[in-house]
Amino acid sequence: MINIVYRLKSPKFFEEAIEEIELNDVVVRPTYLSICQADQRYYQGSRPSDILSRKLPMALIHEAVGEVISDSKDIFKPGDNVVMIPNTPFDKDEFRANYSELSKFRGSGFDGFTSDLVSLKHDRLVKLPNNFNLQVSSFIELMTVAYQGIMKFLEFKKASCKVLGVWGDGNLGYITSLLLKEICPECEIIVFGKHIENLNLFSFVDNVYLIHDVPNDLRIDHAFECVGSAASQSAIEQIIDLINPQGTINLFGVSEYPIPINTRMVLEKGLTLQGNSRSEREDFEGVVDLLCNNPHLFNYLSKLITNVCEIKSIDDLKTSFDKDYISDFGKTILKWEI
Amino acid sequence: MIFAAILAGGIGSRMGGTETPKQFLTLGDKPIIIHTIEKFVINSKFDKIIVLSPKSFINHTKNLINEYFGENNNIIVLEGGDTRNDTLINSIDYIKDNFSIDDDSIIVTHDSVRPFVTHRIIEDNIKAAKEFGACDTVVPATDTIVESVDGKIIRDIPIRDNFYQGQTPQSFKINKLYELINNLSDSETNILTDACKIFVLKGEDVHLVKGEITNIKITYPYDLKLANTILKESNHD
């Protein structure tokens, strides 16, 4: 079937394109989408120029919920609310699909969700309960990234691991510390950030510190780095200073540039660095279950929504990206009416 | 109930050099009309999709539908009329003869040669027809409109901001449309080029639904060439 796709043609320039989609899978109409930093890097043109010229034109956005329009196998019903999984395996190997080279990611390896309709395989959708707040649900994908990192941490967590440090007072830091508090209630959660006005919103954690004002005797057992960009260098440096021997550091932050790491102290303390990126179906199911069983989380998560933009034209899409870019904190949600 | 009427009654006199009505020409790898019907088939809100075809192409239309959609009881092929209005009347007569409809039942009428219609436009039509009784899909006019009666001298250049270009779908409450059509005088019938005009002539409001510039009508050979070109542009991943 003919479909209209709204692609980024070059930085800050969207265009309408027409493609054909298959009707033998599930056809979904996007309803709410959420802008991620990765989308902004394409929109602003801050990715290296060879990457931009290889990947564009491409539809952005990999965080979205939608409504099922049709399902050839009748597994989903028209009107079902679903969260769409951006990671798409094209074949199988022995690796987790979000790390496999045989997978492509929407809004990175192929078109994201900014289109009239999206055709997806059945296993790329997770049904949402009717009572879910769809604006919050639009960034479930971001929650799944934190969730899969936390699940990895639980695999090697020791009983003695009591104090967890989260670096970063942005969206991912907020979500990671919120989920940690829910999943590991026995642990003390401490958040380290740079902006006091952001840190004030982390009322659910045990303690918050400005990174330049940390007590000398403070120690943590495990760290989650949610900073990214060039600033992850100083964050990792501080983590290595504060973490107890044999601790593990979960790295989430994306940087365009290589980040130097004090490997001497990594060796001396016997530390483990764990990389985390993207997520898979089980993480989406895990987050949907978690939200279902803990509906009070919606209240905390809705604090992250700083802009809700109705998108009725390509100009609206551009305006929403510009608005998101000047927001210091929080998520920009797109109500998809184009 | 909600009905779709795909208006494919015309023979396509403006599409030069071909005997085949334009809706049966190929766009990508399928006939244009199949692309258009697909947009309605995937929308579960439609109880029936009525395809109006020129008499001599009825069997061909049925064969195509069977080939692309298999046995599908929701798609009905009917003969179109001599004019667009007659074609519309045929579909309404069929609905009234075969279904018990109420005053809230609506019909979404769409040109078979507008395969780029979006899901959003169709949904907005359903909503607007239910709420307001009649709606028309439009885009703001981008070219200046020039009025001339004799085709030689400009009589007027109206303010462009007040002008829109009509697309389809056009959607209506069926009973209301039926009542208005039956009350048209002969002189009114003679000047009808557009279903929405039936409502306008009778002083009834027609709500505007935002169309898209991509929702083009394939009328001339150039349009088909353009449509095929934009369809071939694929993502280079």
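Here is how names work: the chains are called A, B, and so on, in the same order as the sequence lines, proteins then strands, and each is numbered from 1.
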TODO: Under 4.5 Å heavy-atom distance to chain B, tell me which part of A/L23 shows up: side chain, backbone, both or neither.
DONE: side chain
Task: Over all atoms of both residues, closest heavy-atom pair of B/S112 and B/I32 - done: O-CG2, 3.6 Å
Open item on the list: Can you confirm whether the side chains of B/Q23 and B/D111 place a donor and an acceptor under 3.5 Å from each other?
Closed with: no
- [ ] Please list, in residue-number order, every residue in residues 69-82 of chain A that has a heavy atom less than 4.5 Å from any heavy atom of chain B; write 'none' if there are none.
- [x] A/I69, A/S70, A/P78
Open item on the list: Is the terminal nitrogen or CZ of A/R7 (NZ for Lys, CZ for Arg) located under 6.0 angstrom from the six-membered ring centre of A/F14 and within 45° of that ring's axis?
Closed with: no
Open item on the list: Using heavy-atom distances under 4.5 Å, tell me whether B/E212 contacts chain A through its side chain, its backbone, both, or neither.
Closed with: side chain
TODO: Can you tell which part of B/I121 gets under 4.5 Å to a heavy atom of chain A, answering side chain, backbone, both or neither?
DONE: neither
Task: Structural part of B/K39 lying under 4.5 Å from a heavy atom of chain A - done: both
- [ ] Decide whether A/N3 and A/E20 meet the rule of one side-chain donor and one side-chain acceptor closer than 3.5 Å.
- [x] no
Open item on the list: Is it the case that the side chains of B/N125 and B/Q170 hold a donor-acceptor pair, with the cut-off being a distance below 3.5 Å and no angle test?
Closed with: no
Open item on the list: Under 4.5 Å from any heavy atom of chain A, what part of B/I34 do you find: side chain, backbone, both or neither?
Closed with: neither
Open item on the list: Can you tell whether the side chains of A/K55 and A/D50 come within less than 4.0 Å, N to carboxylate O?
Closed with: no
Open item on the list: Please evaluate residues A/F284 and A/E141 with respect to the criterion side-chain contact (heavy atoms from CB on, under 4.5 Å), reporting the C-alpha separation (whole Å), side-chain torsions for both, the decisive distance (0.1 Å), and the verdict.
Closed with: CA-CA 7 Å; A/F284 280 79; A/E141 194 274 342; 3.7 Å; yes
Task: Any donor-acceptor N or O pair under 3.5 Å, side chains B/D103, B/N175 - done: yes
